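This report refers to the structure that appears directly beneath it.
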Amino acid sequence: MKLDKLVGERFKEKPSDCVVESHALMMRGGYMKDVAKGIYSQFTPLKRICQKIEAIIREEMDAIDGQEVLFPVALPASLWDESGRYESVGSELLRFTDRNGSKMVLGMTHEEAAVQLVRDYAKSYNSYPFMIYQIQTKFRDEARPRAGLIRVREFTMKDAYSFHTSQEDLEQYYDKCHKAYERIYARAGIPEVVSVKSDSGMMGGNVSHEFMLLTPIGEDSIVICNECDYRANMEAAENIVENETEAMQELTKVHTPEMHTIEQVCEFLHVDAKKSMKAVVYQRNSDDKYILIFVRGDLEINETKLTNYLGCDVHPAVITEESGIQAGFIGPVNQNADCIVLFDRSLKGTTNLVCGANEVDYHYTGLNMEREFPDAEYVDLAKVVEGGICPCCGKKSLTISRGIEVGNIFQLGTKYTKTMNMTYVDKDGISKNPIMGCYGIGVGRMAASICEAHHDDYGPIWPMSIAPWQVHICAMNLDKEGVREVADTLYENLQNAGVEVIYDDRSVSAGNKFSDADLLGVPVRVVVSPRNLKESAVEITTRDKSVKEMVPVTEALEFVKNLRAEMFAAIEAKVEPYK
């Protein structure tokens, strides 16, 4: 490929609307162009990167007996009606009506299409297990697309669906797919990706994991134990606290004038927030029923845990006079409002707490949960905090990091096969619903995440396995004796040897050539210049600056081929073999 024929512009200025480096570098480097909010066209460099990621994914999916299929982008709403998701999924699902008046959707995920494809085929237990997968365009009408390809509306995704006749078989295949995902990320040059326990969300199912690339710009909070292998998304992390036991005090009402917040009350009464109880109020979306949650004063409510427990969506409450809830002074004692009352697990066994008295300017001190509320049921609804107790090893060793989700896997169970009436006849003659697993990877998001993990101030540093080209030839002063001849010959020989080459033979300054080379991020760079040729050599460097050698012209081809092989081998060395 000649660089002067490469469609797309490269420029120095960082676009003002780019909040993360991958977005800025991919816009500056001529990788993509925005078409609409959260929708991008891909230029050749990004398309080549994504094709290589897809090739790795295909090889790993085929290695675990996956069969590639292709589902439509536009789907009839009737399929989503069958599963119940047409109404339950929010506005992220793009709904429309075609010219015949039929309701349609743009697929944001394809569980329904997968079931529809195979439910007439897989009528006997002899057909199981099997896995089908696709790499396809999807559309999610994201309310706040951001960070370039990391959160978009239109995207390319590999999604796979496995079908089983037993939970044990699903679990075995789930573990096999987990291993395949680890291999995919390692082969793509990001072996540092970790899997974390996650919330299944709208996908359903009881067990799910997300694969996270830990980075400060990540939009997800990841809870990690430094003493064991426990890792979980904040939405799924179990919160465990220790509460000090003290001699019980009397429940006493005290005057707390104009003290509306837990911080104000604790400062006024000279108590630690851990010795207080605060109230958080939500309302159900369906009927605006008030939900009153009491939690230890130093903790926050995890809304995902709350909605999972309730089985419905909620929103922060608008407290009216008619509600009977005394905002700023809410407490559990003599609470007579018409609402659902929940106690967070952090309150179990607590003594001598400060809490609201349901009366303006008054709070209680000396609240004892077991004495005042002996029949209370406790639910884990709070967010984990830094230094919290690990639910796995029991040590106070939890840390919170940020991460980008680059893949997810779910044990779906029979959520879709049951609602869509997919059945098979088991060997005992009984009709049953098959059990499903689901496995997704966003291709564009993965490319952007690799850029986040591997870049410097000048551009991306693409791993050899997914780089748009493997070698970048920069020829300087081509009008000088020997330069074009050496560069052209090396370009031709490398191509004949099966090496992917981008060749810059433009009549522009060295600064422009090196700037463009940095933005393209090709792993190996060969500089052909009059100064180097005086020594009958070319300069060969790597984009990550780990190699810089003057190599005789006659040895340049073999040196580049060997260097490329070494870089591939370094990546493969981090790929765990299948057992």
Side-chain angles (χ1 to χ4, degrees), residues 239 241 243-285 287-303 305-307 309-310 312-383 385:
N239 184 52
V241 298
N243 290 309
E244 298 178 1
T245 56
E246 301 173 338
M248 282 191 289
Q249 301 171 358
E250 291 294 324
L251 183 66
T252 305
K253 185 187 291 187
V254 296
H255 190 219
T256 52
E258 300 298 326
M259 302 296 161
H260 295 272
T261 69
I262 200 69
E263 293 79 14
Q264 291 172 334
V265 173
C266 289
E267 183 178 358
F268 181 75
L269 296 176
H270 306 293
V271 298
D272 190 291
K274 292 181 179 179
K275 298 300 294 182
S276 68
M277 173 195 293
K278 70 179 177 183
V280 185
V281 190
Y282 291 91
Q283 287 176 277
R284 281 195 306 223
N285 287 0
D287 59 3
D288 281 340
K289 178 80 172 181
Y290 285 101
I291 302 158
L292 184 53
I293 307 165
F294 294 104
V295 62
R296 207 173 72 176
D298 61 320
L299 300 176
E300 301 295 329
I301 294 299
N302 184 322
E303 288 190 19
K305 288 183 179 180
L306 176 61
T307 55
Y309 175 76
L310 294 172
C312 64
D313 292 328
V314 299
H315 59 273
V318 178
I319 299 175
T320 63
E321 290 185 12
E322 295 79 17
S323 67
I325 299 172
Q326 187 58 61
F329 303 93
I330 306 170
V333 179
N334 299 323
Q335 176 57 251
N336 298 316
D338 181 17
C339 58
I340 298 170
V341 176
L342 301 174
F343 291 101
D344 181 69
R345 195 168 64 185
S346 60
L347 298 174
K348 189 172 183 179
T350 51
T351 58
N352 305 331
L353 296 181
V354 171
C355 68
N358 299 309
E359 183 179 341
V360 175
D361 290 345
Y362 283 92
H363 281 77
Y364 280 113
T365 61
L367 178 81
N368 181 284
M369 281 300 299
E370 292 185 0
R371 180 182 65 196
E372 268 72 62
F373 300 98
D375 298 324
E377 295 183 4
Y378 299 93
V379 186
D380 178 21
L381 298 174
K383 292 181 180 179
V385 296

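The figures here come from the full heavy-atom set of this structure, side chains too, leaving out hydrogens, waters and symmetry mates. Please read these numbers as outputs of a predicted model, since none were measured by experiment.
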Check your understanding: If every non-hydrogen atom of V295 is compared with every non-hydrogen atom of S346, which pair is closest and at what distance?
Key -> CG2-OG, 3.7 Å

Exercise for review: Spell out, as yes or no, whether a donor-acceptor pair under 3.5 Å connects the side chain of N243 to the backbone of T350.
Suggested key: no

Point to revise | Heavy-atom side-chain proximity of Y364 to N334 below 4.5 angstrom | key: yes

Check your understanding: Does Q283 use its side chain to pair, donor to acceptor, with the backbone of V318 at less than 3.5 Å?
Key -> yes

Point to revise | N239 and N302, any side-chain heavy atoms less than 4.5 Å apart | key: no

Revision key, fill the gap. When rounded to the nearest 0.5 Å, the distance separating OG1 of T351 from CD of E372 is 11.0 Å

Revision key, fill the gap. So the salt bridge (Lys or Arg N to Asp or Glu O under 4.0 Å) pairs with at least one residue in residues 263-279 (sequence neighbours excluded) are E246-K275, K278-E300

Revision key, fill the gap. Rounded to the nearest 0.5 Å, the SG atom of C312 sits from the NZ atom of K289 at a distance of 12.0 Å

Point to revise | Side-chain heavy atoms of Y290 within contact of R284, under 4.5 Å | key: no

Check your understanding: Closest heavy-atom contact between I325 and A337?
Key -> CG1-CB, 3.6 Å

Check your understanding: For D344 and A382, which heavy atoms make the closest approach, and how far apart are they?
Key -> OD1-N, 3.1 Å

Check your understanding: So, do I301 and Y282 sit near enough that their side-chain heavy atoms are less than 4.5 Å apart?
Key -> yes

Check your understanding: Is there side-chain contact between V354 and T256, with at least one heavy-atom pair below 4.5 Å?
Key -> no

Check your understanding: What's the shortest heavy-atom distance between L292 and I330, and which atoms?
Key -> CD1-CG2, 3.6 Å

Practice item. Indicate the atoms forming the closest heavy-atom contact of L367 with F373, along with that distance. Key: CD1-CE1, 4.1 Å

Practice item. Output all residues satisfying side chain to side chain contact (heavy atoms under 4.5 Å, CB included) with V379, sequence neighbours left out; order by chain, then residue number. Key: Y309, L381

Check your understanding: If you look at every heavy atom in F329 and M259, which pair is closest and at what distance?
Key -> CE2-O, 3.3 Å

Point to revise | Spacing of S276 atom OG and R296 atom CZ [to the nearest 0.5 Å] | key: 9.0 Å

Revision key, fill the gap. Value for CG (L306) from CG (D313), rounded to nearest 0.5 Å, stands at 10.0 Å

**Study point:** Student check: side-chain heavy atoms of P332 and F343 closer than 4.5 Å
**Key:** yes

Point to revise | Reported CG-to-CE distance for the pair N352 and M369, which is rounded to 0.5 angstrom | key: 13.5 Å

Check your understanding: So which pairs with a foot in residues 349-359 pass salt bridge (Lys or Arg N to Asp or Glu O under 4.0 Å), sequence neighbours left out?
Key -> K253-E359

Review point. Between the side chain of N368 and the main-chain N/O of M248, is any donor-acceptor distance below 3.5 Å?
Key: no

Check your understanding: Around atom CD of E244, are there more than 12 heavy atoms of other residues, nucleotides or ligands at under 6.0 Å?
Key -> no

Point to revise | Rounded distance (nearest 0.5 Å) linking atom CD of Q249 with atom CG of L353 | key: 10.0 Å

Review point. How would you list all residue pairs meeting salt bridge (Lys or Arg N to Asp or Glu O under 4.0 Å) that involve residues 314-336, not counting sequence neighbours?
Key: none

Practice item. Evaluate whether atom NZ of K383 has more than 12 neighbouring non-hydrogen atoms of other residues, nucleotides or ligands under 6.0 angstrom away. Key: no

Point to revise | Qualifying residues under salt bridge (charged side-chain N to carboxylate O under 4.0 Å, His left out), relative to K348, sequence neighbours excluded | key: none

Point to revise | With sequence neighbours excluded, residues passing side chain to side chain contact (heavy atoms under 4.5 Å, CB included) with H255 | key: P257, D361, Y362

